[in-house]
Amino acid sequence: MNEAELISALADGDTKALEVIMKKYSGYVCTVVRNFSRGALSEEDIDEISVEVFYKLWSLRKNIEIKIGLAAYLSAAARNAVKNRFRSMKPPFEDISELEISSGFLVEDKAELSMMTECLNEGIKQLSEKDREIFLRFYLYGESSSQIARAMNISEGSVRTNLHRTRAGLKEFMSERGYEHV
């Protein structure tokens, strides 16, 4: 069963599709959680978050739209789950000046975010294969610069320099398209 068929079967409530997805991506999701948490979580927490990712995938299966591929979707879900865990671990505010007041998330904001994301994806697609791999390994998969350097057989300094230049290039790309605040 290919990825599109798996996602379709999952949306239809096929538990076998969920089992196949979990079998195929469990190790990957655990690795993303472990890398993104940068050693701040126990193995038990990592396992718990990984299970939570698949539970949410199942819970949201009817409304799910995976346009970027299942691996990238699960990676983003894993990173968000880690962020949520870290937020829940924060101590309560002791001083009112530390509170952040949100103005709410308007429909216009969501549309703008969607357009900005499309523009960023366009910029990422225009990167060289090496630059794109380094950028995605760092920002999407949560790998450290030393892990990337070892995996790609380059120096850690090269990774950091590449990330700096890629960020600058993407910022310019976004700026040219009217996204000055990026």
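The chain is numbered in sequence order, starting from 1.
Residue Asn63 qualifies as open at atom CG: its count of foreign heavy atoms under 6.0 Å is 12 or below.
A heavy-atom distance below 4.5 Å is found between the side chains of Glu122 and Phe173. Gln147 has its side chain out of reach of Arg137: every pair of non-hydrogen atoms, C-beta onward, lies at least 4.5 Å apart. Side chains of Val32 and Tyr28 form a contact here, defined as non-hydrogen atoms less than 4.5 Å apart.
Taken together through direct or relayed side-chain contacts under 4.5 Å among Ile, Leu, Val, Met, Phe, Trp and Tyr, Leu136 and Leu163 form part of one hydrophobic cluster. Connection of Tyr73 to Phe36 is established within a shared hydrophobic cluster, with ILVMFWY side chains joined at heavy-atom distances below 4.5 Å, either directly or through further cluster members. No path of Ile, Leu, Val, Met, Phe, Trp and Tyr side chains, each step under 4.5 Å between heavy atoms, connects Val51 with Val33, placing them in separate hydrophobic clusters. The hydrophobic clustering, which links ILVMFWY residues whose side-chain heavy atoms are closer than 4.5 Å, places Met22 and Val29 together.
Looking at every heavy atom in both residues, Ile46 comes nearest to Cys30 through CG2-O, 3.8 Å. The nearest pair of heavy atoms linking Ile134 to Met152 is CG1-SD, 3.5 Å. Annotation for Ile124 and Leu170: closest pair N-CD2, 3.9 Å, computed over non-hydrogen atoms. Here the closest non-hydrogen pair linking Phe54 and Ile21 is CE2-CG2, 4.0 Å. The shortest non-hydrogen separation linking Val53 to Ala78 is CG2-CA, 3.7 Å. Arg61 and Leu10 get closest at one heavy-atom pair: CD-O, 3.1 Å.
The existence of a salt bridge linking Lys23 and Glu19 is excluded, since no basic side-chain nitrogen approaches an acidic carboxylate oxygen closer than 4.0 Å.
There is no side-chain donor-acceptor pair under 3.5 Å between Ser50 and Asp47. No hydrogens or angles considered: a donor-acceptor pair under 3.5 Å links the side chains of Arg167 and Tyr139. Residues Thr161 and Ser158 bring no donor and acceptor atom of their side chains to less than 3.5 Å of each other.
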(message) For a salt bridge (Lys or Arg N to Asp or Glu O under 4.0 Å) check, start with the C-alpha distance between Glu156 and Arg150, then their side-chain angles and the critical distance, and finish with the verdict.
(response) CA-CA 8 Å; Glu156 193 173 342; Arg150 279 193 305 275; over 6 Å; no
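Rounding to the nearest 0.5 Å gives a distance of 11.0 Å between CZ of Arg79 and CG of Leu74. One finds the CG atom of Asn153 at 14.0 Å from the CD1 atom of Ile148 (value rounded to the nearest 0.5 Å). Rounding to the nearest 0.5 angstrom, the gap separating the CG atom in Leu127 from the CD atom in Glu133 is 12.0 Å. Summarising the geometry, atom CZ belonging to Arg132 is positioned 11.0 Å from atom OG1 belonging to Thr166; distances are rounded to the nearest 0.5 Å. Summarising the geometry, atom CD1 belonging to Ile7 is positioned 5.0 Å from atom CG belonging to Leu70; distances are rounded to the nearest 0.5 Å. Between Glu5 atom CD and Asp14 atom CG the span is 11.5 Å, to the nearest 0.5 Å.
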